[in-house]
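Just the heavy atoms: all of them, side chains too, but no hydrogens, waters or symmetry mates, feed the values below. Note that the coordinates shown come from a computational prediction; the quantities given were computed from them, not determined experimentally.
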Amino acid sequence: MLREWIVAIVMILGAAFMLIASIGLLRMPDLFSRMSATSKAATLGAGLVMLAAALYFSESGITLRVLAIIVFLLLTVPVAAHMIGRAAYFDGVPLWKGTLIDDLRGHYRTSDHQLVRDAAESPEFAIPEGEEGDDFFN
Amino acid sequence: MDIVLPTAILLLLILSGFAPFIQQAQPHRAGLLMAVLPAGLFLTLLGRLSAVLAGQVFTYQLAWAEALGVRFSLYLDGLGLLFSLLILGIGALVLIYGGSYLHGHHQLGRFYAFILLFMAAMLGVVVSNNALTLFVFWELTSISSFLLIGFDHEKEGSRFAALQALLVTGGGGLAMLAGLVLLGQIGGTYEISQLNQMADILRASPLFLPAFLLILAGALTKSAQYPFHFWLPGAMAAPTPVSAYLHSATMVKAGVYLLARLSPIFSATPEWQTLVTGFGLATFLAGALLAIGQVDLKKLLAYTTVASLGTMVMLLGWGSDLAIKAAMLYLFSHALYKGALFLVAGAVDHETGTRDVSKLSGLRRAMPRTALAAGLAALSMAGLPPALGFIAKEVMYETTLAAQPVSGWLTAGALIGNALLVAVSGLVGLKPFFGAAGQTPRHPHPAPLSLDLPPLLLAGLGLLGGLLPMTLAAPLVQASAQAVLIQPLKVKLALWHGLNPMLALSTLTLALGIGLYVGWQPVWGFTARLRWLGRFGPAHAYQVGLENLRRFAAWLTYRLQNGYLRFYLMTIILTTVALAGLAYLRSTNGLILRNDWGAINFYEVVLGVLIILAALTITRTRSRLATIAIMGIVGYGLALIYLLYGAPDLAMIQFAIETLTVILFVLVVYRLPKFTRLTSPPARLADFLVAMTGGLLMTLLTLIVTARPVVPHISEYFLQNALPLANGRNVVNVILVDFRGFDTLGEITVLALAGIGVYALIRLTIGRRQVIIPPAEEE
Amino acid sequence: MTIFLLNVLLALAWSALSAQFDPPNLIFGFLLGYLVLWLTVRGENRSYFTRVPRVLSFMAFFLKELVKANLNLAITVLRRDMNLKPGVVAVPIDLPNDAAITLLVNLVTLTPGTLALDVSSDRMMVYIHTLNASDPQEFRRYMQEGFVRRVKELFQ
Amino acid sequence: MQTVLLPLLIPLVFIVLTLFAWNAPRLQRMLSLFGSSALLLAALSLLAQVQTGEIAVTQIGNWPAPYGITLVADLFSAIMLTITGVVAVLVAIYSLEGIDENRVAHGFYPLFFALLMGVCGAFLTGDIFNLYVWFEVMLMASFVLMALGGERAQLEGAIKYVILNLTSSALFLSATGILYSVAGTLNMADLSIRLPEVNSPGLVTTIAMLYLVAFGIKAAIFPLFFWLPASYHTPPVAVTALFSGLLTKVGVYSLVRVFTLLFLTDVAFTHTVLLVLGGFTMVVGVLGAAAQYDMRRLLSFHIVSQIGYLLMGLGLYSRAGLASTIFFMAHVIAAKAALFLVAGIIRRVSGSFDLRRVGGLYRDQPWLAILFLIPALSLAGLPPLSGFFGKLALVRAGLAQGQYAIVAVSLAVSLLTLFSMTKIWMEAFWKPIPEKAPSQNREAGYKFSLVFPALAMGLISVVLGVLAQPVYGLADQAAGVLMQPALYAAAVLGGLR
Amino acid sequence: MGSIILHLAARYLMPLLLVFSVFLLIRGHNEIGGGFVGGLVAAAAFILYAIANNVQEARRILRVHPRALIASGLLVALSSGLVGWLTGKPFMTGLWLKDPLPVIGKIGTPLMFDVGVYLVVVGVTLLIIFTLAEE
Amino acid sequence: MNIEVLYFLALAMISLGLVLAFIRLVRGPSLPDRVVAIDLVVALAIGIIASYAILFDQPAFLDVAIIIALISFLGTIAFAYYIERRV
Amino acid sequence: MTLLLAIVIGVLFTVGLYMMMRRSLTKVLIGLMLLGQAINLLIFTTGRLQRAKPPLIPLGAEQISQSADPLPQALILTAIVISFGVTAFALVLARQTYTVLGTNDMNELRDTDIIPKYHPESVPEEEEGL
Ligand code: NA
Ligand code: NA
């Protein structure tokens with residue numbers, strides 16, 4: 001019985017993380033804030049629900065498999081996030097107007113997509129700003 | 001079994017195949033050499049005349065396609081013999097004549113081949129006992145005549161005429177085929193000799209009349225009966241020997257032959273008498289009227305041929321013993337003089353370069369032999385004694401006078417027609433040869449003997465036939481008439497019948513004819529002004545019909561095969577929905593749906609609704625990549641449903657495939673242009689509604705099917721035996737690699753092909769064109 | 001050496017997947033891992049030392065950060081005005097190798113509220129998006145003394 | 001050894017072999033001759049085995065029917081396989097010269113064999129889902145063959161070909177899912193027993209209609225044929241000849257199979273629909289042909305038209321009708337393939353497929369004229385060629401069933417067929433060479449490997465006419481087997497039920 | 001692509017994916033998985049490598065042309081069917097070794113067939129993706 | 001209180017997250033926004049799978065999560081690849 | 001649930017078909033893919049739903065009686081794989097078409113259909129290849 005309670009609580013905790021991530025995704029003002037907030041939280045949430053499953057079955061084989069899943073998530077999700085964030089930056093996805101600082105601005109060289117630490121202020125590093133909103137509906 | 005008939009046909013076919021080579025080897029004598037075969041066959045068959053007269057019938061049978069009623073079954077009786085002799089005899093002459101007429105023509109070899117092919121086919125028609133074999137040869141005559149009419153194929157007129165003849169006779173032939181098959185199915189046999197014996201049984205069938213009408217259509221078109229007569233004058237585009245052979249002496253008489261051949265079955269019916277006689281009379285008048293006004297020798301002869309064919313059909317339609325006798329006699333005499341006159345016309349054309357009768361005169365000095373042949377043939381055509389034509393005309397009048405209750409009409413008609421024949425024979429046989437020499441494109445020389453001998457022979461035979469009717473004409477006429485009537489008939493022919501109404505009519509005919517001949521120019525001139533009437537004629541109808549058919553075909557094809565994928569899909573969807581709906585509603589009262597939908601949970605609702613929303617969103621999006629992303633939602637949603645309902649393998653594949661599809665799409669899509677809205681809102685609405693009928697159909701089917709009780713499934717076997725027999729716990733996988741591994745074998749083949757396809761498609765693009773790809777900018 | 005360890009890890013992963021740590025599975029996992037590594041990593045060799053204690057302490061640190069950040073995030077997201085102060089901050093790093101950088105970046109990203117956007121081509125600077133950039137200097141210091149230092153220790 | 005399997009296995013083996021010989025085009029060409037000949041031999045031996053009416057069966061994987069997948073060869077299947085073998089051999093020979101090095105280097109022969117494999121699989125399988133799989137194999141191969149080369153027209157034609165055929169597959173698959181749900185089995189023999197027991201005939205008929213449309217698209221019947229005239233004229237002639245001989249015929253085969261074995265619960269409705277659609281198919285197809293100037297387009301529309309005849313025999317649903325369809329199938333495959341091949345030779349000789357740009361062939365190329373005339377006249381149903389007997393058989397069957405309307409239509413259409421064949425004749429052969437004609441290349445057309453297949457196809461048409469009795473007898477026997485679905489079921493299921 | 005992080009991640013993720021793909025293949029007969037999904041995962045490994053580095057690198061690591069994989073896969077699948085056929089039983093009759101091997105479990109022609117599927121799937125997926133990406 | 005209710009509660013929360021993620025997916029506005037939303041959906045899907053496994057006592061379901069965990073990031077990378085290449 | 005899934009099936013079919021009727025070739029292909037999904041769900045649903053009973057024989061058991069029908073699952077798996085191959089090919093075909101012909105508007109891809117009579121001035125340009 002206790003185990004089931006623990007399972008339920010871990011599960012709800014995980015679900016809550018995921019829900020928070022979703023709310024964040026919806027509410028955050030720009031892409032980068034959304035990314036900061038969400039997929040990671042959701043990953044964590046998913047990990048917790050997985051953990052709940054491991055506790056629920058409490059069988060070494062299943063536990064090991066759950067751990068494998070969690071590790072796989074930890075290995076892959078940040079890479080994906082990094083890739084999409086970087087791509088978005090190239091794409092000129094704008095930062096929220098309330099953003100306080102942008103150290104990255106002007107550091108990507110557009111010709112070969114290299115990130116140069118001491119970039120000069122030159123058109124070579126100017127990424128055109130994308131437009132907010134697109135023609136998704138019409 | 002008589003081997004001569006099939007051998008004759010076979011030999012002619014073989015010779016036809018070798019004709020071009022013989023022509024190459026012996027360019028000067030080929031025609032003469034090849035004429036030996038038909039001449040020999042002519043003599044062979046002539047030798048059978050007495051036996052046939054005595055009622056003997058020569059038959060030959062060979063199994064062909066019995067299951068389809070086609071038996072290679074031949075049959076030589078009096079009717080067949082008369083026709084065979086004409087075909088072979090005139091054929092031999094035409095071969096000789098043609099070799100000279102077309103001397104030096106580079107396609108002379110083909111000419112021989114086609115004439116011989118035609119000869120074989122025609123011989124086949126008249127000796128076939130099996131209705132379907134007859135049809136086989138019948139169609140062969142159409143094809144060989146098509147090739148012959150289009151001999152001067154580089155002229156558009158020739159091609160037009162060839163096609164016209166082919167379509168008209170071919171169309172009739174098809175109707176005839178249906179009629180023959182009907183007849184065969186009613187009678188249970190396709191052997192004409194047997195069918196001829198069971199007229200009463202056949203007539204009892206409700207299908208008898210349709211069969212008759214269909215066969216009649218075949219006969220009428222082939223024999224150029226009104227309103228199908230128009231192809232015959234057109235066919236004069238063929239070289240003159242062809243016209244002489246096909247369009248006067250033989251092929252056009254195939255219809256007459258068929259009517260004669262089948263008259264034992266049909267002739268006792270009122271429909272036969274009305275229709276056949278009626279068509280004959282109409283054709284006769286039409287031919288006569290159309291002949292007036294023609295100045296081209298061949299056209300003139302062609303229209304009189306139409307008229308004569310009408311006469312024969314009319315006589316056959318009347319069907320009395322006398323009428324049959326008249327018909328056979330008329331047929332025989334017509335073949336002789338018309339063949340001769342065509343050949344004469346050819347010789348004149350050959351030597352002078354024109355066939356315009358108004359320009360021809362005084363040729364007797366330059367072409368005496370030709371003039372002689374022309375005069376003799378004209379004598380017969382005009383029905384003057386002592387030619388055979390005279391006797392034929394007398395017998396014809398005898399028939400019309402006896403034809404109660406319409407003897408007045410028939411006789412009057414015959415009178416007019418015969419008078420016209422007198423006039424035309426004057427125009428063809430006298431006018432070009434007498435009087436002062438006219439101006440012609442070529443200076444006339446005597447025609448070579450090979451051009452003159454054949455018409456002389458034919459015309460001379462016509463004269464001799466009149467002089468010795470009982471020796472030369474009566475046996476053939478008797479034999480054929482007996483065959484038509486399937487009863488013995490004694491035929492007596494004499495030049496002098498004494499003073500009788502027929503003779504009076506003949507005199508009247510001659511008077512009228514001479515009057516017409518003398519005053520031909522004003523009459524011709526007057527009719528020339530009536531040419532516009534032709535616009536309402538069948539020839540024009542054919543042309544307009546063909547043009548409209550072409551136009552309709554183009555219009556319809558453009559409408560259907562319009563290139564719009566949207567239209568194609570709509571058609572498919574609506575067809576499916578209509579057929580499926582029709583099928584379901586046909587045998588069920590309303591829809592049987594399920595009322596127990598099974599338990600449902602909120603998270604399932606969320607999944608379902610999300611999938612629906614995602615799908616609907618796709619219709620509204622203009623961003624390609626967003627579409628892919630949303631497709632992902634649909635895919636993931638479905639995967640979760642699969643998982644939930646016990647299909648983890650499916651869910652796994654679905655997840656994996658979704659990911660790969662995204663990669664694939666992304667690799668492809670940045671080479672594709674962005675979406676643009678191209679369709680108008682009403683069209684989109686229409687599309688959506690059509691698509692919805694498809695969707696609705698599937699929804700309803702799902703509900704109907706799931707409302708049914710569960711039947712025993714073969715899967716039970718898989719669930720029970722996967723582990724014990726196939727050593728696997730994952731039943732789905734065991735099905736995939738073992739129980740139904742064969743499906744998977746095909747499946748990986750498809751995959752392999754897809755791989756090769758993508759590779760080949762990208763690496764090998766022959767029609768490559770550089771396209772400036774606009775940067776994707778929709779997001 | 002690394003390859004061997006990687007191979008051992010793969011053998012363990014195999015056994016984890018198949019949920020059986022019996023010798024045949026381990027051996028098979030090892031052989032399979034060997035094959036796969038032969039296919040993929042050939043020709044790269046680096047020394048490797050076990051740092052179990054450091055790893056453990058590092059994990060503890062990371063879990064602490066994770067929970068803290070998650071709670072912060074929950075508060076932020078659920079607040080009516082969210083009170084965001086986002087920014088992209090360049091954080092200088094001096095890590096010994098690419099693996100260390102990757103680990104750092106992954107951990108930063110996994111922590112709610114921060115997102116490692118990229119590493120400069122000379123591997124001397126990591127650019128991090130944070131939801132709390134009210135004081136960039138403070139953030140840099142926090143990162144360097146927390147994550148960066150501990151990762152560096154792990155790889156020494 | 002099960003000979004039933006061989007026609008399917010041989011192409012697969014040769015797919016593998018030609019794939020391994022990817023970089024050796026000459027070897028691939030040799031393999032194509034070997035493979036197609038082997039296929040023909042296998043088909044002939046199967047034909048010999050089943051010609052007495054026996055039904056040869058093998059259970060793949062040794063799983064008893066209806067659980068595993070069954071391969072079944074009745075006489076109808078064997079006849080279709082034999083035709084396939086003949087077409088394969090002749091197209092393989094034609095391809096020696098008719099397919100360029102580039103295409104061979106990019107997988108033509110593996111695709112060729114895959115197409116054959118799909119076709120043979122479809123003819124052999126006794127499982128409705130497995131039929132779907134072989135359809136897909138065949139389609140996928142044909143997709144690639146259609147587009148292989150990437151010429152402009154090819155790509156454009158392939159797009160529609162692919163999309164519309166996939167629509168058909170979609171419907172096929174849906175119908176199969178529903179069928180499984182209703183009957184609980186996929187084995188066609190089992191289905192033939194179970195479907196009459198389904199106490200909702202309306203539903204079964206509805207499923208039948210779904211199959212009708214699905215196969216109807218593949219068979220290119222009215223009003224579902226659009227993909228065919230849009231695409232068939234675009235690939236190389238050898239490919240079109242292969243397609244014209246086999247692809248649509250697999251659709252017809254499937255229609256025959258399901259409408260003689262499975263869907264017999266409402267014959268009055270289903271087969272009347274077939275008959276009506278058959279009539280429209282004939283007419284619309286031939287009118288389409290009449291409107292064309294490109295020889296390949298013209299012939300493509302004729303394919304549609306001829307499919308109508310095949311449908312007619314099925315719609316009559318009598319032994320004679322089915323026999324006619326089978327006979328007609330053999331005829332039309334030979335005649336149509338011959339015509340496409342001849343069109344290819346004309347193109348090589350005169351430089352164009354467009355009737356307005358060619359001419360004078362009758363004068364200069366008498367042998368080509370004969371080569372064309374035989375299949376053309378056969379197609380138009382002129383005696384004594386195969387087409388006549390096909391037409392005659394259909395007319396007889398139609399009249400025997402009292403279906404006068406369809407007989408009338410079929411005869412009228414045969415006249416129009418003649419008309420459009422004469423169109424090619426008049427334009428390409430009789431007409432003088434037009435001014436705008438491309439340069440002539442007399443020798444290009446007369447390679448043995450090009451002429452022989454065309455000649456052989458034409459001769460087949462003649463032989464089918466001369467030997468109409470035995471061939472029709474075979475077709476009739478095949479039809480007899482088809483008319484007794486119980487035989488099929490017993491052969492497949494053995495003593496099970 | 002110029003990302004260091006991806007480049008590094010690919011180095012450890014690729015072996016992992018390959019091991020996992022074999023896992024799926026071997027376990028497919030008894031647990032969920034199988035040759036098809038295994039093949040997809042294996043292909044994913046090489047695709048990841050190709051994205052992180054470039055296609056030429058991925059091809060080098062693969063060593064054989066994807067087309068050869070397809071051909072071999074078909075050959076293996078075909079042979080697995082022929083084994084039964086050549087012993088006089090119907091094509092694709094499953095033949096099994098008596099004793100199960102460690103790790104893999106029972107060995108039989110269906111498993112061999114699944115290996116063929118695996119190879120074909122890897123070959124096809126890579127052939128498609130590589131060809132597209134190289135353009 | 002029945003323990004199942006808690007499981008359902010968890011599922012409800014995840015489902016709600018799914019709805020929110022979907023809204024973001026549709027709203028965008030940029031492509032990366034959508035990709036991030038998809039990423040979230042993937043995570044939520046893993047959560048749902050785990051919940052299913054618990055709810056229906058089916059450990060086999062967990063295996064499916066493995067493949068999502070290992071493969072789905074490739075989709076995101078592909079999107080990133082696209083976005084970077086089109087610039 | 002059957003009702004809901006039936007509606008989902010209908011919607012997927014509708015949207016799939018609707019997209020196939022668009023003028024943009026890319027949309028057409030998306031429609032085809034949706035159609036594929038719709039069919040899979042159709043087979044799955046008509047194969048009768050059985051919640052959370054995968055056809056996996058538990059360790060120690062010889063067979064399994066109460067489970068989801070494995071056959072539709074196998075059929076769908078086969079169908080998914082086939083449609084993956086076909087989709088890949090179709091996508092590349094679309095792309096090549098666009099590269100070579102310069103358009104992916106289906107309304108501009110009509111040259112192989114429409115009959116010459118309606119072509120501007122009859123005789124077309126020379127065909128490519130054989
Ligand atoms: Na599996
Ligand atoms: Na599998």
Side-chain angles (χ1 to χ4, degrees), chain B residues 554 557-558 561 563 565-566 569 597-598 600 604 608 611-612 615 618-619 627 638 645-648 650 653 657 664 668 671-673 675 678 687-688 691-692 694-696 698-699 702-703 705-706 715 718-720 723 729-732 735-736 743 747 750-751 754 757-758 761 766-767 769 771, chain G residues 1-4 6 8-15 17-18 20-21 23-24 26 30 37 45-46 49-57 62-64 68-71 73-74 76-78 80-82 84-85 88-89 91-92 95-96 98-100 102 104 106 110 113-115 117-118 128-129:
Chain B
T557 309
Y558 179 67
Q561 192 73 36
L565 183 70
R566 172 172 172 267
L569 286 167
W597 304 109
I600 185 161
E604 295 169 344
I611 294 171
I612 290 173
I618 288 171
T619 65
T627 309
L638 289 176
Y645 285 93
L650 214 47
I653 295 268
I657 289 272
L664 198 62
V668 167
R671 298 285 185 112
L672 287 171
F675 291 168
L678 298 164
D687 290 355
F688 198 80
M692 217 162 78
L696 205 60
M698 289 306 173
T699 299
T702 309
L703 293 178
V705 165
T706 49
S715 306
F718 303 142
L719 294 172
Q720 283 161 19
L723 188 55
R729 298 183 178 280
N730 181 349
V731 183
V732 173
I735 293 175
L736 285 175
D743 280 344
E747 170 203 317
V750 174
L751 266 190
V758 168
L761 207 53
I766 293 170
R769 193 174 78 181
V771 171
Chain G
M1 192 58 184
T2 308
L3 179 63
L4 178 65
V8 174
I9 289 166
V11 170
L12 288 177
F13 264 103
T14 305
V15 174
L17 293 172
Y18 174 79
M20 287 177 72
M21 284 189 263
R23 282 171 61 177
S24 155
T26 322
I30 286 170
Q37 304 277 31
T45 310
T46 53
L49 301 175
Q50 182 87 284
R51 195 174 279 135
K53 299 240 170 50
L56 297 164
I57 300 167
E62 267 295 290
Q63 59 184 51
I64 180 171
D69 190 338
L71 189 52
Q73 295 186 18
I76 297 171
L77 273 170
T78 307
I80 288 180
V81 177
I82 287 176
F84 171 69
F89 178 76
L91 272 173
V92 172
R95 206 199 71 158
Q96 286 305 95
Y98 178 66
T99 318
V100 173
N104 88 335
M106 290 307 296
R110 295 170 63 214
D113 291 73
I114 43 180
I115 56 175
K117 182 169 180 186
Y118 290 85
E128 295 154 286

Participant: Would you name the heavy atoms of Gly85(G) and Ala754(B) that are closest together and state the gap between them?
Facilitator: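 In this case the closest contact between Gly85(G) and Ala754(B) is O-CB, 3.4 Å.
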
Participant: Which distance, rounded to the nearest 0.5 Å, do you find between the CG of Leu17(G) and the CZ of Phe688(B)?
Facilitator: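 So the CG of Leu17(G) and the CZ of Phe688(B) are separated by 10.5 Å.
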
Participant: To the nearest 0.5 Å, tell me how far Ile653(B) CD1 sits from Ile80(G) CD1.
Facilitator: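 Answer rounded to 0.5 Å: 7.0 Å.
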
Participant: If you look at every heavy atom in Ile735(B) and Ala74(G), which pair is closest and at what distance?
Facilitator: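 Looks like CG2-CB, 3.5 Å.
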
Participant: Do you know which two heavy atoms are closest between Gly608(B) and Val8(G), and how far apart they sit?
Facilitator: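 Minimum heavy-atom separation between Gly608(B) and Val8(G): O-CG2, 3.9 Å.
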
Participant: With a 4.5 angstrom heavy-atom cut-off, which part of Leu569(B) approaches chain G: side chain, backbone, both or neither?
Facilitator: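 Side chain only.
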
Participant: Could you tell me whether the side chains of Asp743(B) and Thr78(G) share a donor-acceptor contact shorter than 3.5 Å?
Facilitator: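 No.
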
Participant: Evaluate the side-chain contact (heavy atoms from CB on, under 4.5 Å) criterion for residues Leu703(B) and Leu3(G): first the C-alpha distance (whole Å), next the side-chain angles of each, then the deciding distance (0.1 Å), finally the verdict.
Facilitator: CA-CA 7 Å; Leu703(B) 293 178; Leu3(G) 179 63; 4.0 Å; yes

Participant: Examine whether an atom of Ile612(B) lies under 4.5 Å from a heavy atom of chain G, and if so say whether it belongs to the side chain, the backbone or both; otherwise answer neither.
Facilitator: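 Both backbone and side chain of Ile612(B) come within 4.5 Å of chain G.
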
Participant: Out of curiosity, Glu747(B) CD to Phe84(G) CZ, how far, rounded to the nearest 0.5 Å?
Facilitator: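 The distance works out to 12.0 Å.
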
Participant: With a 4.5 Å limit on heavy-atom distance, are the side chains of Val732(B) and Leu77(G) in contact?
Facilitator: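 A side-chain contact under 4.5 Å exists here.
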
Participant: Quick one: pull up OG1 in Thr706(B) and CG in Leu49(G) and give me the separation to the nearest 0.5 Å.
Facilitator: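 Here the rounded value is 8.0 Å.
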
Participant: Which of the residues Leu565(B), Leu696(B), Thr699(B) is involved in the greatest number of heavy-atom pairs with chain G at under 4.5 angstrom?
Facilitator: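 The answer is Thr699(B).
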
Participant: With chain G as the partner, which of Arg729(B), Met698(B), Met692(B) has the greatest number of non-hydrogen pairs under 4.5 Å?
Facilitator: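 Winner by heavy-atom pair count: Arg729(B).
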
Participant: Roughly how far, to the nearest 0.5 Å, is the CZ atom of Phe89(G) from the CG atom of Leu761(B)?
Facilitator: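 Between Leu761(B) CG and Phe89(G) CZ, I get 5.0 Å after rounding to 0.5 Å.
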
Participant: Please report the closest heavy-atom contact between Ala68(G) and Tyr645(B), naming both atoms and the distance.
Facilitator: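 Closest pair (atom of Ala68(G), atom of Tyr645(B), distance): CB-O, 3.7 Å.
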
Participant: Identify which part of Glu62(G) has an atom lying under 4.5 Å from any heavy atom of chain B, answering side chain, backbone, both or neither.
Facilitator: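 Both backbone and side chain.
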
Participant: Measure Ile618(B) against the heavy atoms of chain G and call it side chain, backbone, both or neither at under 4.5 Å.
Facilitator: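 Ile618(B) touches chain G through backbone and side-chain heavy atoms alike.
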
Participant: Indicate the atoms forming the closest heavy-atom contact of Gly695(B) with Thr14(G), along with that distance.
Facilitator: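 Heavy-atom minimum between the residues: CA-OG1, 3.4 Å.
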
Participant: Rounded to the nearest 0.5 Å, what separates atom CZ in Arg566(B) from atom CZ in Arg23(G)?
Facilitator: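 These two atoms lie 9.5 Å from each other.
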
Participant: Quick check for you: among Val750(B), Leu751(B), Asp687(B), Thr619(B), which has the greatest number of heavy-atom pairs under 4.5 Å with chain G?
Facilitator: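 Heavy-atom pair counts peak at Asp687(B).
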
Participant: How far apart are the closest heavy atoms of Pro55(G) and Gly646(B), and which atoms are they?
Facilitator: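 Where Pro55(G) meets Gly646(B) most closely, the heavy atoms are CD-O, 3.2 Å.
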
Participant: Output yes when a side-chain donor or acceptor of Gln63(G) lies under 3.5 Å from a complementary backbone atom of Leu719(B), and no otherwise.
Facilitator: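 Not confirmed, Gln63(G) side chain does not pair with Leu719(B) backbone.
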
Participant: Using a cut-off of under 4.5 Å on heavy-atom pairs, state which of Leu71(G), Ile9(G), Ile82(G), Asn104(G) scores highest against chain B.
Facilitator: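 Answer, by heavy-atom pair count under 4.5 Å with chain B: Leu71(G).
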
Participant: Heavy-atom distance under 4.5 Å to chain B: side chain of Leu4(G), backbone, both or neither?
Facilitator: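 Contact with chain B involves the side chain of Leu4(G) alone.
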
